[in-house]
Amino acid sequence: MEARLRGGYKFQEIITDTLATTMDFYDADSALVTSVDPDLMTAKPEFETHREGFLPVCGTAPMDLNEYPEILTAVRMVSKDNLAIPYTDVSRLLKEGSKESLRMEQIGIHSIMAVLYNKRNAGFAVVINPRNYIKHPEHNSLLQVLSYVSVAEINEMNLMNCQKGSFSEEGELAQGYSGNAG
């Protein structure tokens, strides 16, 4: 995988391939990277790969964490202590019949593994319904490595997009200035 992904500016391809490799390694239904903004109280899916027939977990709109207090509490706890979430049965994490529990059931989420990232932005790399490498907490180490790859590519892609916008604005300003001069 490393040789396939090395170099170049195919950020989305690298991220998608990394998530697909993660999903395959853990024999999971989905792998995703989501950013979390604790000030705005939102979680925003950045990228997701899922098996055919499994619905996307997050969609594309940011999730208001105030609407999901149990998830917000878990995010705060994990973020504060910089923890990884080893294989976890969702039914043990959420109260039965809660809004969060019903939503997870509706989507088909039974278990998760997640690692926190915090480099330029913060969030989680997550696998949904993993079936392999789930018996010991240290089995999320590949998820940690692959989250680093995904997040590094997301940060690089965002930086490149900002630079493109900056160069475009500078070009427009220069054109406007020279056009007004004469």
Side-chain angles (χ1 to χ4, degrees), residues 1 4-5 10-38 40-75 78-79 84-118 120-134 139-140 142-158 161:
M1 181 181 92
R4 261 191 347 263
L5 303 179
K10 298 179 180 176
F11 304 115
Q12 292 184 353
E13 181 181 321
I14 293 169
I15 295 163
T16 300
D17 201 15
T18 301
L19 290 175
T21 299
T22 303
M23 186 178 68
D24 290 344
F25 180 82
Y26 289 103
D27 190 21
D29 290 328
S30 179
L32 61 113
V33 176
T34 184
S35 60
V36 175
D37 187 326
L40 295 176
M41 305 297 283
T42 59
K44 180 182 178 292
E46 298 292 341
F47 286 90
E48 178 178 359
T49 299
H50 54 89
R51 294 199 184 281
E52 189 174 320
F54 189 81
L55 295 174
V57 172
C58 297
T60 57
M63 178 173 66
D64 182 355
L65 293 174
N66 287 315
E67 292 182 24
Y68 298 94
E70 288 187 45
I71 293 175
L72 177 59
T73 300
V75 166
V78 169
S79 299
I85 301 171
Y87 175 80
T88 303
D89 181 342
V90 172
S91 68
R92 291 188 309 182
L93 188 64
L94 304 171
K95 288 184 217 162
E96 187 175 336
S98 69
K99 182 178 181 177
E100 293 87 341
S101 177
L102 294 172
R103 179 73 176 132
M104 298 294 173
E105 187 177 310
Q106 178 187 36
I107 297 171
I109 298 175
H110 309 290
S111 58
I112 62 168
M113 286 175 72
V115 294
L116 178 70
Y117 67 83
N118 195 356
R120 195 170 293 152
N121 54 6
F124 294 91
V126 182
V127 289
I128 303 296
N129 302 333
R131 290 175 272 287
N132 287 338
Y133 308 105
I134 60 175
H139 287 145
N140 63 13
L142 180 67
L143 181 58
Q144 290 172 326
V145 170
L146 294 173
S147 77
Y148 178 79
V149 172
S150 298
V151 172
E153 291 301 315
I154 289 170
N155 287 338
E156 186 72 17
M157 180 177 65
N158 290 338
N161 288 338

| Out of curiosity, Thr88 OG1 to Ile112 CD1, how far, rounded to the nearest 0.5 Å? | 5.5 Å
| remark: Distance col, row Glu100:CD vs Glu105:CD, nearest 0.5 angstrom, shows 13.5 Å
| said: Is it true that Asn129 and Asp29 share a donor-acceptor pair across their side chains at a distance under 3.5 Å? | reply: yes
| message | Is it the case that the side chains of Ser91 and Glu96 hold a donor-acceptor pair, with the cut-off being a distance below 3.5 Å and no angle test? | response | no
| query | Side chains of Val127 and Thr22: does their closest heavy-atom pair fall under 4.5 Å? | reply | yes
| request: Measure the spacing between CZ of Phe124 and CG of Leu32 and express it to the nearest 0.5 Å. | output: 11.0 Å
| query | Any donor and acceptor pair, going by atom type alone, linking the side chain of Arg51 with main-chain N or O of Ser30 inside 3.5 Å? | reply | no
| task | Flag the pair Leu65 / Val36 as yes when at least one side-chain heavy-atom distance between them is below 4.5 Å, and no otherwise. | result | yes
| query | What is the minimum heavy-atom distance between Ala114 and Val126, and which atoms define it? | reply | CB-CG2, 3.9 Å
| message | Rounded at 0.5 Å granularity, tell me how far CE in Met23 sits from OG1 in Thr18. | response | 12.5 Å
| message | In terms of relative ring orientation, are Tyr133 and Tyr26 parallel, tilted or perpendicular, with 30° and 60° separating the classes? | response | perpendicular
| query | Atom CD in Glu46, atom OG in Ser35: separation rounded to 0.5 Å? | reply | 4.0 Å
| query | Do the side chain of Thr42 and the main chain of Met63 share a donor and acceptor less than 3.5 angstrom apart? | reply | no
| said: Any heavy-atom pair between the side chains of Leu19 and Val33 that's under 4.5 Å? | reply: yes
| task | Look up atom NE2 in His50 and atom CG in Leu55, then write down how far apart they are to the nearest 0.5 Å. | result | 8.0 Å
| Considering only heavy atoms from C-beta outward, does the side chain of Arg103 approach that of Ile107 to under 4.5 Å? | yes
| message | side chain to side chain contact (heavy atoms under 4.5 Å, CB included), that's the test. Do Glu67 and Lys99 meet it? Break it down for me. | response | CA-CA 9 Å; Glu67 292 182 24; Lys99 182 178 181 177; 3.8 Å; yes
